[in-house]
Amino acid sequence: LFYNVDCFIGQRNKKFIDTTNNNELYFHGVNVVYKGPPWYPKLDKFNTITSFNEKDYKLLENLGFNSVRLGIMWPGVEPNEDIIDYEYLDILYNITLELKKYNIYVILDFHQDIISSLFCGEGVPNWFVFKYLDNLTINNFPLPIGKPYNILDNISNLCDEDNWIKYHFSYAVSETFQKLYDNPESMKNYWNAVSKKFRDCENCIGYEIINEPWAGNIIKNPLLLIPSYAENHNLLPFYNKIISYIREYDKNHIIFFETVTWNIFKIGFNSLPYDEINNLGLSYHIYMPPNISPKSAFKYRMDDLDKLNIVGYLTEFDNGSGNFDSNNKKEMNNLMDILNSADNYLQSWTVWEYKSFYNLTGANSGFFNHTDNLLNNGVMYLSRPYPIQLGGELLKFSYNINENKIIISYNIFDNLHNSTSIIYLGTNNYDNFNKLNIINTGNCSNYHTNIENNRLFLNVINNINNINNLLFNFIIEI
């Protein structure tokens, strides 16, 4: 197979590129986040709940997925203040190396939900909470939305008494977020260790500063409920510091950041976070609620990307995973709206999530039906055709699931006289061209095609000095 995962990922015109050959790259993938000790998936025997090993990597590759958003958990990296667990980092690094063998790229995600395992979630290590919060605040969780729990009891039994999302409105959770934003130096050891370890990772797309950042202490400062205020008052200074910690060791990879969780309209940042090498990306999620619809969510985020002039990545949505029901018209419409809109706007994505892993804060059953250990019916919709690599500038891509037809249009750059484009064709067995009808309506006819592992390879061979005006315009009937 003609793949090049021995490269760093950059960006050009709000699209991902392979920095070694300027080919455009597009990603479809999954989230892999283990939300409790030992803070990484089971690596030995395959199972449909907690494992992530060679059988999983092969399955993802066969389904056409080429990216993983991998949780690299702070309690795993720095379980005690100023003490780095290098064995944990080695384990996560080895996972990325194994994924590379299967042509799978990785986003390294500081994942959190409700910020702490002391408050029914995950995120910061326990030492952070005990250092920055007083005992009264800790012991009064989840006031004011419920009576206090005793954190010395088995809190997991108490957490299910309410919807986990509501715990954000507890004073303890809001204050922990605020302390994190006010004390970014607390993460310096974590980000220094992570970026130093992964700075030469060639199949790493980049780092994500924090998953789904809460606004801060909305009880002390209700103005933080206004997304633009929270983004400029808390998130922007915090992001600036974290980026500087990463760039101390890594000037190769993209750094992704998010808006506050309920900013479903236009981004509120007055300026981009500061990055000395100007290589940032916007990570965004689509869930209904809080989003009104997939189409409106994409429209607002595309406006944001135009404003910021950076690459975007849909890093979470859960349609098609978990208990997805293809017979439910609303669920099916939402899924197809997300997938078709992502194609229309040429956006990459990772679905939440591949397996349930650690049943906490929004976990679902992932790709598997646990009654018979088979893939659920949403996976076949997620495993859809898309351009993995483009030897030029992608102008348009669409896939009509009813007609099983791909339309792809792209220009050839003048410096790509010999370029290869790779298109994943879906889960059917395309072992020969008898099942394909390729209609070329563009003005470039000097190319060769090949199929391997359900991937169509288009190799342009051109000896013309100036090929700026060469246009590929294919209709591929599958």
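Along the sequence shown, residues carry numbers from 1. Predicted model, so just to flag it, every value in this text is computed and none were measured.
Taking every heavy atom of both residues into account, L394 and P387 meet most closely at CD2-CG, 3.9 Å. Annotation for P294 and M288: closest pair CG-CE, 3.7 Å, computed over non-hydrogen atoms. Between G71 and L92, the shortest heavy-atom distance links the atoms O-CD1, 3.8 Å.
Under the 4.5 Å side-chain criterion, counting only non-hydrogen atoms from C-beta, I115 is in contact with L180. Counting heavy atoms from C-beta outward, N203 and L99 have side chains that approach closer than 4.5 Å. For the pair I407 and N400, the minimum side-chain heavy-atom distance is 4.5 Å or more. Using a 4.5 Å cut-off on side-chain heavy atoms (C-beta onward), N411 and L395 make contact. Looking at heavy atoms from C-beta onward, K355 lies out of side-chain contact with V32 at the 4.5 angstrom threshold. By the 4.5 Å heavy-atom criterion applied to side chains, I267 and K307 are counted as neighbours. Residues F457 and S421 fail the side-chain proximity criterion, which asks for heavy atoms closer than 4.5 Å. Annotation: side chain of F269 is in contact with side chain of T259 (closest heavy-atom distance under 4.5 Å).
Between the side chains of N189 and Y245, no donor-acceptor pair is found at a separation under 3.5 Å. At a cut-off of 3.5 Å, with distance as the only test, no side-chain donor of Y93 or E98 sits close to an acceptor on the other residue. Defined by atom type and a distance below 3.5 Å, a donor-acceptor pair is present between the side-chain atoms of N263 and E231. A donor and an acceptor atom, one from each side chain of Y386 and N66, are located under 3.5 Å apart. Using a 3.5 Å distance cut-off with no hydrogens or angles, the side chains of N459 and T420 do pair a donor with an acceptor. Checked by atom type, the side-chain pair E331/N319 shows no donor-acceptor distance below 3.5 Å. Counted by atom type alone, D44 and S51 present zero donor-acceptor pairs between their side chains at under 3.5 Å. Residues N364 and E353 bring no donor and acceptor atom of their side chains to less than 3.5 Å of each other. Defined by atom type and a distance below 3.5 Å, a donor-acceptor pair is present between the side-chain atoms of Y424 and S383.
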Verdict with reasoning, W352 to F317, per ring-ring contact (aromatic ring centres under 6.0 Å, His included): CA-CA 6 Å; W352 185 266; F317 65 98; over 10 Å; no
Start with the C-alpha gap between K15 and E24, add the side-chain angles, then the distance that decides, and say whether salt bridge (charged side-chain N to carboxylate O under 4.0 Å, His left out) holds. CA-CA 7 Å; K15 297 173 183 176; E24 290 185 355; 3.7 Å; yes
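With hydrogens and angles ignored, the 3.5 Å screen pairs a side-chain donor or acceptor of N211 with a backbone N or O of Q112. Of the possible polar contacts, one joining the N183 side chain to the K179 backbone as a donor-acceptor pair under 3.5 Å is found.
For D303 and K299, the salt-bridge test passes: some basic side-chain N is under 4.0 Å from an acidic carboxylate O. A salt bridge links E316 with R69: at least one charged nitrogen is closer than 4.0 Å to a carboxylate oxygen. Salt bridge present: D304 and R301 bring a charged side-chain N and a carboxylate O closer than 4.0 Å.
E248 pairs with exactly one of K241, K188, R199, K196 by the salt bridge (charged side-chain N to carboxylate O under 4.0 Å, His left out) rule, that one being K188. No option in L235, L236, I243, L272 other than L272 meets the side chain to side chain contact (heavy atoms under 4.5 Å, CB included) test with F257. The side-chain hydrogen bond (donor to acceptor under 3.5 Å, both in side chains) test with Y313 singles out one residue from S283, S67, S348, and that residue is S67. None of F27, F367, Y354, Y57 except one satisfies the ring pair (Phe, Tyr, Trp, His ring centres under 6.0 Å) rule with F65; the exception is F367.
In this structure, I401 CD1 and Y399 OH are separated by 5.0 Å, a value rounded to the nearest 0.5 Å. To the nearest 0.5 Å, the span separating CG on N279 from CD1 on I254 amounts to 5.0 Å. Within the model, atoms OG of S244 and CH2 of W191 stand 12.0 Å from one another, a figure rounded to the nearest 0.5 Å.
Annotation: cation-pi pair K266/Y300 absent, no NZ/CZ under 6.0 Å from the ring centroid and within 45° of its normal.
Under a cut-off of 6.0 angstrom, the local environment of NZ in K251 is crowded, with over 12 non-hydrogen atoms contributed by other residues, nucleotides or ligands. No more than 12 heavy atoms of other residues, nucleotides or ligands lie within 6.0 Å of CD in E87, so this atom counts as exposed by the packing criterion. Residue-environment remark: NZ (K396) stays at or below the threshold of 12 foreign heavy atoms within 6.0 Å.
Residues meeting the side chain to side chain contact (heavy atoms under 4.5 Å, CB included) test with T361, sequence neighbours left out: K35, D113, I114, E122, W164. Take A215 and apply the side chain to side chain contact (heavy atoms under 4.5 Å, CB included) test, not counting sequence neighbours, and it matches I218, L224, A230, V260, W262.
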